[in-house]
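Numbering of residues begins at 1 and proceeds along the displayed sequence. Please read these numbers as outputs of a predicted model, since none were measured by experiment.
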Amino acid sequence: MPLHALISDIHGNIDALNAVLSDIENQKADNIVCLGDMIGYGGAPGACLRSIRDRCSIVLMGNHEAFTFMPFDIDQFSPRVGRGIEKAREELTPEEIDWISQLPIISELDGTDLVHASLDTPVEFHHVLSKRDAKQHFSFQKTSVCFNGHTHIPAVFKQTGPKVEINKPLSTPTPLDKNCRYLINVGSVGQPRDGDNRACYVLFDSESLTITYRRIPYDIEAAQQRFQQAEMHPSVWKRIAKGT
């Protein structure tokens, strides 16, 4: 199965997820992998979880899955985070809660590493935003390619010897240099934060070693209405229109 679709950070946004899954089908991907955070923030955590569970060959645990099944008090979180966790706990069945509690933190795919946040401290869910963060991550990466999410910002971190650079994601097929190592952030399906409000995911051709970023428009107004009906925090449903 050489063509893999990698999605992450859906965050209960079923409208964005459905648009992405439709595009993945049109792209004729052989396989779908979810790098975590199916739930949290959004108004349809149950629908997103069940769709991903049915469609994905690998599903990782994100921090919002951990927040949901672990005995955290909602008051420990900010209102915008806390309401998403509360909604997930209200909507998911005991069996689904048990399922997310057993999801792996890291995994592998065709010789690549998979993690929600970073390999240096995978259970602490640190953000990889800078070259310094990436260097710390690369010190634990054993393969040439690793895919992650968590920041909601698509990025390609490239390590050549001791040098680390951040490359701009491209919407055209981009070959990966076999002499370098990569950490590829696949962006966010349900809540992008790079100034582009379209859903984001990555296609990875493991045979030709190429990646392609896909940006998919979806009905943001319908998603906002769904968020509001679920009484999600206003900052959450407002930001999906801005992509911030």
Side-chain angles (χ1 to χ4, degrees), residues 5-27 32 34-56 59 62-68 74-93 96 100 116 125 127 129 149-155 169 171 185-202 213-244:
L6 294 108
I7 64 175
S8 189
D9 297 277
I10 295 88
H11 284 299
N13 189 339
I14 191 64
D15 298 279
L17 177 60
N18 285 341
V20 163
L21 291 176
S22 177
D23 188 73
I24 290 172
E25 185 174 350
N26 290 338
Q27 296 300 313
I32 309 175
C34 178
L35 302 180
D37 277 3
M38 299 168 280
I39 57 182
Y41 294 127
C48 287
L49 181 147
R50 288 186 283 275
S51 182
I52 289 167
R53 188 178 183 178
D54 290 343
R55 301 286 294 275
C56 295
V59 182
N63 53 303
H64 283 259
E65 279 80 42
F67 295 158
T68 298
I74 294 298
D75 293 336
Q76 292 180 249
F77 302 95
S78 69
R80 66 185 179 88
V81 174
R83 175 54 190 152
I85 298 165
E86 183 179 50
K87 176 65 175 174
R89 289 176 177 176
E90 290 170 355
E91 195 165 298
L92 301 185
T93 67
E96 289 167 342
I100 64 172
H116 179 65
F125 300 108
H127 291 87
L129 291 166
H150 192 41
T151 67
H152 300 209
I153 300 172
S171 59
N185 190 305
V186 304
S188 172
V189 169
Q191 197 183 102
R193 294 179 185 169
D194 62 335
D196 186 334
N197 64 15
R198 295 174 298 170
C200 184
Y201 79 97
V202 164
Y213 278 85
R214 301 282 299 168
R215 299 305 295 245
I216 310 302
Y218 70 97
D219 191 338
I220 290 176
E221 290 187 2
Q224 288 181 313
Q225 291 176 8
R226 199 184 303 276
F227 281 35
Q228 290 179 70
Q229 290 169 358
E231 300 180 337
M232 310 315 292
H233 194 272
S235 67
V236 175
W237 58 260
K238 288 179 181 179
R239 77 186 303 174
I240 63 173
K242 301 176 182 179
T244 59

Is [Y] close to [X] at the side-chain level, that is, under 4.5 Å between some pair of heavy atoms?
{"X": "C200", "Y": "S188", "answer": "no"}
{"X": "H64", "Y": "P45", "answer": "no"}
{"X": "R53", "Y": "R50", "answer": "no"}
{"X": "N185", "Y": "V202", "answer": "no"}
{"X": "N13", "Y": "C48", "answer": "no"}
{"X": "R226", "Y": "D15", "answer": "yes"}
{"X": "H11", "Y": "V189", "answer": "no"}
{"X": "I39", "Y": "L92", "answer": "yes"}

If you compare all heavy atoms of [X] against all heavy atoms of [Y], which two are closest, and at what distance to 0.1 Å?
{"X": "A19", "Y": "P217", "answer": "CB-O, 3.9 Å"}
{"X": "G149", "Y": "S8", "answer": "CA-OG, 3.7 Å"}
{"X": "I100", "Y": "M38", "answer": "CG2-CE, 4.2 Å"}
{"X": "A241", "Y": "Q224", "answer": "CB-NE2, 3.6 Å"}
{"X": "G42", "Y": "M232", "answer": "O-CE, 3.5 Å"}

### Message
Counting only heavy atoms from other residues, nucleotides and ligands, does the tally under 6.0 Å from CD of Q27 exceed 12?
### Response
yes

### Query
Counting only heavy atoms not in E221, do more than 12 sit closer than 6.0 Å to its CD atom?
no

Drop me the distance from [X]'s [atom1] to [Y]'s [atom2], to the nearest 0.5 angstrom.
{"X": "R214", "Y": "N26", "atom1": "CZ", "atom2": "CG", "value": "8.5 Å"}
{"X": "D196", "Y": "I153", "atom1": "CG", "atom2": "CD1", "value": "12.5 Å"}
{"X": "I52", "Y": "I7", "atom1": "CD1", "atom2": "CD1", "value": "4.5 Å"}

### Task
List the steps and the verdict of side chain to side chain contact (heavy atoms under 4.5 Å, CB included) for V186 and Y201.
CA-CA 5 Å; V186 304; Y201 79 97; 5.8 Å; no

### Query
Short question: side chain of R239, backbone of T244 - any donor-acceptor pair under 3.5 Å?
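Checked: pair present.
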
### Message
Check this for me: does any side-chain nitrogen of one of D23 and R215 sit under 4.0 Å from a carboxylate oxygen of the other?
### Response
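Result for this pair is no, no salt bridge flagged.
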
### Query
Is R83 salt-bridged to E86, cutoff N-O under 4.0 Å?
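Result for this pair is yes, salt bridge flagged.
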
#### Entry: Residues Q191, D9; criterion side chain to side chain contact (heavy atoms under 4.5 Å, CB included); working and verdict
CA-CA 7 Å; Q191 197 183 102; D9 297 277; over 6 Å; no

### Query
Is the distance between the ring centroids of H233 and F227 under 6.0 Å?
no

### Task
Show your working on side chain to side chain contact (heavy atoms under 4.5 Å, CB included) between I240 and N197 and close with a plain yes or no.
CA-CA 6 Å; I240 63 173; N197 64 15; over 6 Å; no

### Task
I would like to know whether I24 and I32 meet side chain to side chain contact (heavy atoms under 4.5 Å, CB included); could you show each step before the answer?
CA-CA 8 Å; I24 290 172; I32 309 175; 3.9 Å; yes

### Task
Determine the interplanar angle of the Y41 and H152 rings, folded into 0 to 90°, and report it as parallel if under 30°, tilted if 30 to 60°, perpendicular if over 60°.
perpendicular

### Message
Apply side-chain hydrogen bond (donor to acceptor under 3.5 Å, both in side chains) to residues D37 and H150 and explain how you reach the verdict.
### Response
CA-CA 8 Å; D37 277 3; H150 192 41; 4.5 Å; no

